[in-house]
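Every heavy atom of this structure was used, including side-chain atoms; hydrogens, water molecules and symmetry mates were not. Nothing here was measured: the structure is a model prediction, and the numbers come from that model.
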Amino acid sequence: QKIEQKLAEEKQEGIGLMRVRVIGFGALDGDGVHTFVSSDFFELPGDESDFRDFVAGVRCEGGGEESGLAALSLALGSDWMDSGRRTRHIIAMFTDEDSASLEKDSRNPACPAGVARNMSELSAQWMSQNINQRGKRLIMVAPSNTVYDNEIAYRWDHSRFFELGRDIQTMNFDAIVSVISSSISA
């Protein structure tokens with residue numbers, strides 16, 4: 001709603017269709033049952049109630065190196081829609097930890113199939129034709145000095161890093177909403 005509101009205020013434009021997919025992730029160890037939780041795409045505003053229910057059911061537990069890069073790989077492999085006047089493929093990633101390496105996660109039997117095995121494969125996914133090269137955006141909210149700002153944000157085109165302070169509860173989301181709404185209308 002904030003993105004739609006920001007577009008209306010600044011650009012006098014609306015969003016015809018917004019498809020949103022949620023991928024929750026944690027540390028990949030043991031059986032991996034609660035490591036990844038993912039939804040199908042929700043079409044907003046029509047599926048707003050289902051979207052809210054799904055997000056409310058995602059639990060943040062544990063700690064340590066999480067499988068953020070594996071989750072990013074899953075997101076990049078999504079069934080993107082590529083129709084409409086201004087198609088955008090936007091991934092917004094929020095984490096409070098650094099990521100385990102893809103080499104480590106991809107060897108774990110609990111890791112979902114199709115996850116990139118290393119950073120080169122993940123970068124290739126970012127550059128693939130599966131994701132709209134002109135309309136792709138990656139927004140990462142994470143602690144500094146992690147793989148997200150040291151290896152991705154400054155090397156991948158159309159990516160933006162926001163440093164997570166003490167915790168996500170104190171995060172000012174206005175800048176993130178502005179980046180997303182600007183990229184939608186650009």
Side-chain angles (χ1 to χ4, degrees), residues 1-7 9-10 15 18-28 34-39 41-42 44 48 51-78 80 88-102 104-105 112 115-116 119 122-123 125-127 131-132 135-186:
Q1 288 176 335
K2 281 190 172 189
I3 295 169
E4 182 78 30
Q5 189 176 26
K6 187 81 166 170
L7 281 172
E9 289 170 6
E10 292 183 3
I15 300 172
M18 182 184 301
R19 295 174 70 229
V20 178
R21 180 177 183 210
V22 178
I23 301 174
F25 60 93
L28 186 61
H34 299 292
T35 302
F36 294 98
V37 58
S38 64
S39 70
F41 277 97
F42 296 101
L44 301 179
E48 187 171 345
F51 170 70
R52 286 181 190 271
D53 290 346
F54 186 89
V55 170
V58 175
R59 297 285 169 247
C60 300
E61 300 171 342
E65 281 191 332
E66 297 172 342
S67 296
L69 293 176
L72 179 55
S73 179
L74 291 174
L76 288 168
S78 293
W80 299 100
R88 296 290 184 256
H89 296 164
I90 301 172
I91 297 171
M93 180 172 204
F94 298 84
T95 183
D96 63 351
E97 297 287 343
D98 202 351
S99 181
S101 73
L102 285 166
K104 175 184 171 187
D105 278 353
V115 166
M119 284 301 291
L122 188 66
S123 295
Q125 278 187 289
W126 181 247
M127 298 305 296
I131 188 165
N132 182 318
K136 68 183 178 183
R137 304 292 186 269
L138 174 59
I139 298 157
M140 298 168 289
V141 178
S144 62
N145 295 316
T146 61
V147 66
Y148 306 109
D149 64 336
N150 291 338
E151 294 200 33
I152 295 176
Y154 302 108
R155 295 184 182 161
W156 287 14
D157 60 339
H158 306 293
S159 67
R160 185 83 185 265
F161 175 81
F162 291 90
E163 182 178 357
L164 177 66
R166 288 183 302 124
D167 61 48
I168 201 118
Q169 303 300 328
T170 60
M171 185 79 193
N172 179 351
F173 286 94
D174 290 341
I176 297 167
V177 169
S178 289
V179 167
I180 293 172
S181 64
S182 294
S183 72
I184 289 172
S185 62

Return the set of residues passing side chain to side chain contact (heavy atoms under 4.5 Å, CB included) with Ser99 (not counting sequence neighbours), or none when no residue passes.
Leu69, Val147, Tyr148

Could you measure the distance from the OH atom of Tyr154 to the OG atom of Ser159? Nearest 0.5 Å is fine.
9.0 Å

Rounded to the nearest 0.5 Å, how far apart are NE2 of His158 and NE2 of His89?
13.0 Å

Can you name the closest pair of heavy atoms from Asp149 and Ala153 and give their distance?
CA-CB, 4.0 Å

Would you name the heavy atoms of Pro143 and Phe161 that are closest together and state the gap between them?
O-CZ, 3.5 Å

Measuring from Arg21:CZ to Ile23:CD1, what's the distance to the nearest 0.5 Å?
4.0 Å

Quick check: do Met119 and Ile152 have side-chain heavy atoms less than 4.5 Å from each other?
yes

For the pair Gln125 (side chain) and Ser73 (backbone), establish whether a donor and an acceptor sit closer than 3.5 Å, ignoring hydrogens and angles.
yes

Please find the pair of heavy atoms, one from Ala70 and one from Phe36, that lie closest to each other, and give the distance.
CB-CZ, 3.7 Å

Is any side-chain heavy atom of Leu74 closer than 4.5 Å to a side-chain heavy atom of Ser38?
no

To the nearest 0.5 Å, what is the distance between CG (Leu102) and CG (Leu122)?
5.5 Å

What is the ring orientation for Trp126 with Trp156, classed by angle as parallel under 30°, tilted 30 to 60°, or perpendicular over 60°?
parallel

In short, Val37 meets Phe54 closest at the heavy-atom pair CG2-CZ, 3.8 Å

To the nearest 0.5 Å, how far apart are OG in Ser78 and CD1 in Ile91?
6.5 Å

Contact check, side chains of Lys136 and Met127, non-hydrogen atoms, under 4.5 Å:
yes

CH2 on Trp80 to CD1 on Ile131, rounded to 0.5 Å:
4.5 Å

